[in-house]
Novice: 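Sharing a structure, written as structure tokens. Questions coming.
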Amino acid sequence: MVEDTVMNNTAKEAILQRIRAALGDEQTGWGARKKSAREDTRNLKTERGYRTHSEMNKQQRVRLFVRHVEEYKARVSEISEQELPQTVADICSAEKVEKLVIPPGLDEKWLPGPESGLTYLSDEPDQLSHDELDNSDAVLTGCFRAVAQTGTIVLNAGLGQGRRALTLIPDFHICVVRREQVTGIVPEVFWELEPVIREEGAPVTFISGPSATSDIELDRVEGVHGPRRLHVVIV
Amino acid sequence: MASSQTGIQPPFEKTARSFLENTQLRGNLGHATRTIRDKRQGVVDEMPDWEELREAGRQIKQKVMQNLDHYLLQLEESVTGAGGVVHWARDAAEANRIILDLIKERGETEAVKVKSLTTDEIGLNKALEKEDILALETDLAELIVQMAGDEPSHILVPAIHKNRTEIRDLFREKLGKPDLTDNPAELTEAARRYLRKKFLSANIGISGSNFAVAETGTVAVVESEGNGRMCTTLPQTLISVLGIEKIIPTWQDLEVFMQLLPRSSTAERMNPYNTFWTGTTDGDGPQEFHLVLLDNGRTRVLADPAGRDTLHCIRCSACLNVCPVYERTGGHAYHSVYPGPIGAILTPQLRGLSDKSAASLPYASSLCGACYEVCPVKINIPEILVHLRGRVVRHNKSRGGIRGRVNPERLGMKLLAWTLRSRSRYERAQKVARKGQRWFMHDEVISKLPGMLSGWTDKRDLRPVPEQTFREWWRTRS
């Protein structure tokens with residue numbers, strides 16, 4: 001182990017030295033000035049002439065989001081929050097879902113009652129095993145944000161979303177998005193994620209439609225390894 | 001799989017011809033590149049601020065290269081602070097050794113792997129195989145290529161050279177499913193079932209990485225199929241290889257590249273899945289994370305200020321899809337994991353110009369400039385190609401000893417330069433040429449020159465010196 005550390009340090013020193021030599025730090029006099037010049041480049045502000053905010057209002061954002069998600073061949077329902085339990089029950093019965101995975105912190109008011117015949121698999125207090133998740137039929141989650149410009153759902157493993165495996169192994173993902181969670185363009189969601197990353201280092205997942213491959217003669221096939229079906233419910 | 005990185009490879013012009021004769025390959029490639037090209041244009045045209053994004057991307061990458069040592073140290077600190085372990089590797093052998101030891105220390109013999117050019121570059125799969133460890137490729141195309149014992153031919157669509165019938169036959173044999181049809185959906189389903197078992201039980205995941213944020217220690221994997229999420233989420237231990245040039249300074253910088261990359265690469269507004277992880281998270285995903293920082297020639301690229309921008313590449317493959325040379329020869333003719341225009345500048349710089357095969361690549365271009373126009377980070381590929389051609393010539397001269405100095409091409413060029421420097425010499429040369437060219441002219445063109453000069457007429461006809469030049473006409477005017 002000691003030897004490993006020595007090895008690693010030698011490689012590290014060697015690489016750093018190569019970089020400094022490549023950038024001209026090794027020279028004396030003129031080179032020394034050059035080094036401080038390149039440190040200055042670090043403080044140079046990147047010209048961000050691109051759009052960082054969108055002009056769309058909430059209605060426009062939701063319309064655009066729906067259009068883009070539908071292009072990905074995901075299904076979309078738009079309902080009021082009171083209708084959620086009934087909608088979830090309807091989706092589950094249409095897709096023959098019996099075992100539904102529920103992440104910690106999901107609002108219980110969203111869940112259909114016992115008359116739906118659904119079995120809920122909860123990830124707490126004990127985590128579900130990979131096999132239990134594989135044998136489930138679907139997962140129901142909320143999200144952190146959605147992006148209208150690209151039709152993307154953003155998860156950050158927060159309450160009502162659960163750890164990453166929950167939205168990965170089940171074959172069908174039902175995702176609830178509140179209208180006010182829909183942001184306009186990509187930079188806005190990165191801006192909102194920044195504190196989450198800095199403070200918690202939470203894992204972040206972007207989902208833009210079900211998984212897909214075009215590896216065989218560029219023929220698009222939807223549904224490879226993640227959930228093959230995605231249903232977005234906008235409330 | 002990456003045998004292209006080991007042993008002596010033939011130069012581009014030697015093998016390009018045989019690939020040109022493969023009509024299946026040309027058909028597939030033509031169809032594929034045309035499709036992606038048109039789709040890309042559509043999603044780029046949607047973006048009124050595309051040029052501003054490209055410029056921001058270029059500036060960020062330039063800043064990174066000028067301060068690479070600083071950002072690497074910052075990344076090491078942030079990844080370590082978030083619970084990860086950072087390793088440094090000077091070359092392929094060192095990186096492979098680190099990964100091998102990590103797997104062996106955990107008593108494992110199998111790992112699931114996400115498609116990664118960087119791990120192909122270092123020949124990781126072969127290195128592991130020698131020690132009886134299987135690195136299972138989980139990207140559909142890479143799986144096909146691995147099963148066939150073949151090599152990838154496109155950065156993004158590695159099995160672009162295989163059609164559905166070939167893939168069906170391969171799966172029938174290797175997956176033991178004699179009833180498979182050649183329907184892509186059915187073939188994909190067969191691969192899904194086979195790989196799912198592997199994912200659920202794997203203890204080691206191996207990935208490359210698209211970006212790493214120095215400030216936060218966040219690593220990104222961008223993908224379509226979900227195998228990347230599987231490999232970076234389900235195993236207990238995750239090992240990621242990062243080329244040192246893939247680093248970016250801040251989290252905010254990701255917003256630039258996450259707009260540039262998907263539209264340039266798969267021609268989508270956003271690719272289906274992106275995973276961003278920061279070290280390890282209790283109770284979620286791998287509990288052990290190892291990041292291997294790889295040099296393997298990158299600092300050599302950095303040392304040439306005129307070629308340095310090559311390191312800005314984010315591996316989108318847009319330049320391949322617009323390249324008239326790539327479209328006709330395909331990726332294999334480049335004998336490198338990095339084909340196409342970007343490969344033509346990256347490979348010779350990574351491997352050095354003493355590698356004859358790599359040194360032939362700067363000539364595999366018509367310098368049409370289409371690659372520069374589509375590059376999301378504005379790498380001026382044609383300019384670097386010309387620069388590298390100059391370096392190849394100077395390199396051969398300095399290595400060639402006395403033979404390099406009296407090389408006929410070099411002497412010819414010197415003679416030509418001397419001739420063109422004076423008006424009288426130039427005009428005399430024209431007169432001589434006008435007399436001499438009669439022997440080689442057919443139908444008003446010169447289509448075959450003898451001996452050493454034949455290189456000029458092998459692939460095109462030359463226009464002869466006209467009966468009367470402009471200067472001669474001007475003099476007779478008054």
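We name chains A, B, ... by the order of the sequence lines, and we start the count at 1 in each one. The figures that follow rest on heavy atoms only: side chains count, while hydrogens, waters and symmetry mates do not. What you see is a predicted model, and the numbers here were worked out from it, not measured in a lab.
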Novice: So which part of B:Ala82 gets closer than 4.5 Å to some heavy atom of chain A, the side chain, the backbone, both or neither?
Specialist: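 Interface part for B:Ala82: neither.
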Novice: Relative to chain A, which segment of B:Thr280 carries a heavy atom at a distance below 4.5 Å: side chain, backbone, both, or neither?
Specialist: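 Neither part, no heavy atoms under 4.5 Å.
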Novice: Which bit of B:Ile167 is near chain A, if near means a heavy-atom gap under 4.5 Å: side chain, backbone, both or neither?
Specialist: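 Just the side chain, heavy atoms under 4.5 Å.
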Novice: At a 4.5 Å cut-off on heavy atoms, which part of B:Thr218 comes close to chain A: side chain, backbone, both, or neither?
Specialist: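 B:Thr218 touches chain A through side-chain heavy atoms alone.
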Novice: Side chain from CB out, backbone as N, CA, C, O: work out which of these in B:Glu215 comes under 4.5 Å of a heavy atom of chain A, or both, or neither.
Specialist: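 Answer is side chain: those atoms of B:Glu215 sit under 4.5 Å from chain A.
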Novice: Contact part of B:Leu195 toward chain A, heavy-atom cut-off under 4.5 Å: side chain, backbone, both or neither?
Specialist: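 For B:Leu195, side-chain heavy atoms alone lie under 4.5 Å from chain A.
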Novice: Could you tell me whether the side chain of A:Gln127 and the main chain of B:Gly283 form a donor-acceptor pair under 3.5 Å?
Specialist: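 Side chain of A:Gln127 to backbone of B:Gly283, a donor-acceptor pair under 3.5 Å: yes, one is there.
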Novice: With sequence neighbours excluded, tell me which residues meet side-chain contact (heavy atoms from CB on, under 4.5 Å) with A:Val221.
Specialist: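 Expected list: A:Thr213, B:Pro184, B:Ala185, B:Thr188.
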Novice: Check whether B:Arg308 gets within reach of chain A through its side chain, its backbone, both or neither, counting any heavy atom under 4.5 Å.
Specialist: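 For B:Arg308, side-chain heavy atoms alone lie under 4.5 Å from chain A.
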Novice: Regarding A:Arg18 and B:Asp69, does a basic nitrogen lie under 4.0 Å from an acidic carboxylate oxygen?
Specialist: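 Salt bridge absent between A:Arg18 and B:Asp69.
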Novice: Between B:Glu52 and A:Arg48, is the closest basic N to carboxylate O distance under 4.0 Å?
Specialist: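 So A:Arg48 does not pair with B:Glu52 through a salt bridge.
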Novice: Please indicate whether B:Asp282 has more than 12 foreign heavy atoms, meaning atoms of other residues, nucleotides or ligands, lying under 6.0 Å from its CG.
Specialist: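 No.
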Novice: Where does B:Arg193 contact chain A at under 4.5 Å (heavy atoms): side chain, backbone, both or neither?
Specialist: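 It is neither, since no heavy atom gets under 4.5 Å.
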Novice: Quick check: under 4.5 Å, non-hydrogen atoms only, which of residues 141-150 of chain A neighbour chain B?
Specialist: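 Near chain B, by residue number: A:Gln149, A:Thr150.
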Novice: For chain A, which of B:Val64, B:Thr232, B:Asp139, B:Leu200 has the most heavy-atom pairs under 4.5 Å?
Specialist: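 The candidate making the most pairs under 4.5 Å is B:Leu200.
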Novice: Side chain, backbone, both or neither: which part of B:Arg196 has an atom under 4.5 Å from a heavy atom of chain A?
Specialist: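 When you check distances to chain A, only side chain atoms of B:Arg196 fall under 4.5 Å.
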